[in-house]
Amino acid sequence: MKVLILGVNGFIGSHLVGRILRDTNWEIYGMDLGTHKITDHLGNPRFHFVEGDITISKEWIEYHVKKCDVVLPLVAIATPKTYVTNPLKVFELDFEENLRVVRQCVKYKKRIVFPSTSEVYGMCPDEAFDEHTSPLVTGPVPMDRWIYSTSKQLLDRVIWAYGWQQGLKFTLFRPFNWMGPKLDSLNAAKEGSSRLVTQFVWNLIQGEPLQLVDGGAQRRCFIDVEDAMDGLMAILRNEGGKADGGIFNIGNPGLDHSVREVAEMLRELWKDHPMRSQLGVALSEIVDVSSGEFYGKGYQDVLNRKPSIQRMKDTFGFEPKVGMKEALAKSLDFFLQEFEAMEQVEEES
Ligand code: UDP
């Protein structure tokens, strides 16, 4: 199988490349702006990488959609901070640029595996979100946070309609707070624009307070990226065509924690960590901050977000295994290595 991955140097793309090269004999064609998350794989003869911007390299993309069997358009902005600071950029990249790729898949009759998002459920009141029955609930237009959710939702609907009206072969998958190495760069965390786990790790390394937005009672279900990859690989393998036309939540309802609990668990891991004494960093406080202060205007939060993974279980026997402490410890250690490398570069320059 020939797999086209746009945004191959991202969190999902980089892990997926590792899995595909390790577990299959497939060929990967990939494009991204940079290579820092995939350097280990660049020498592999089954990985054909081109550095480029999907908004510019349109002919390369069309040629490769034609050439490949399955297309994963993973290029998107997926950090809440950017939804409120630059909503138009989110729409242009996440929606407009991806719509073009979707249409090419229709034109050339290629299978598309599209990253939808747990954000589409928004403030859904259901206890566990179901792909076929849960309502998708977003806030009013002045709340810019919902631009990401609604951009993705409309693409989901467009792909779905291309499926039954024009025979597009597709699968939509919805990540629920995947975490692990390479989630965001520490530089993003430095600017305060990364996702929760990376942000807290950065704060801990700096000895800065961990900030709980609006009290930190809001809950998320986290999943280790290796567990999530088991799910995504099953979808890509598509044995018996079981993934065709499907929408699948990929998450771990067993790791349901409040933001405050995540802060406390990470702080606990860091408290006795050998690197803390090595760096001589004081243990961070946990403090409250308003969403207005933290994100600026246009932010509205999701208070509960739990996936039903029944469909993944029934279809693929999906069963996440990694526990919360282990997943957090892996992320912490990865970011510490990245931090050490960052420090070294700064010392040398
Ligand atoms: N959050 C927080 N402190 C931080 C970063 C994030 O309290 O330093 C909160 C954020 O408001 C949200 C949750 O943590 O309620 C998860 O945020 P993330 O950026 O991971 O994205 P989301 O799950 O909302 O898509």
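Both ligands and their constituent atoms are indexed starting at 1 by order of listing. Keep in mind that what you see is a predicted model, and the values were worked out from it rather than measured.
- Residues Lys89 and Glu92 are not paired through a salt bridge, judged by the lack of any N-O separation under 4.0 Å between the basic side chain and the carboxylate.
- Salt-bridge formation is detected for the pair Arg195/Asp184: a Lys NZ or Arg NE/NH1/NH2 atom is positioned less than 4.0 Å from an Asp or Glu carboxylate oxygen.
- Note on ring orientation: taking the six-membered ring where Trp is involved, the planes of Phe95 and Phe91 are parallel (angle under 30°, cut-offs 30° and 60°).
- Note on ring orientation: taking the six-membered ring where Trp is involved, the planes of Tyr121 and Phe176 are tilted (angle from 30° to 60°).
- In this structure, ligand 1 sits under 4.0 Å from heavy atoms belonging to Pro80, Glu119, Arg145, Asn177, Arg195, Leu196, Gln199, Phe200, Gln211, Leu212, Val213, Gln218, Arg220, Val259, Phe294, Tyr295, Tyr299, Asp301, Arg305.
- Applying the side-chain contact (heavy atoms from CB on, under 4.5 Å) rule to Gln337 yields no partners; only residues at least two apart in sequence or on another chain are considered.
- If you run side chain to side chain contact (heavy atoms under 4.5 Å, CB included) between Phe129 and each of Cys221, Ser134, Ser308, only Ser134 comes through.
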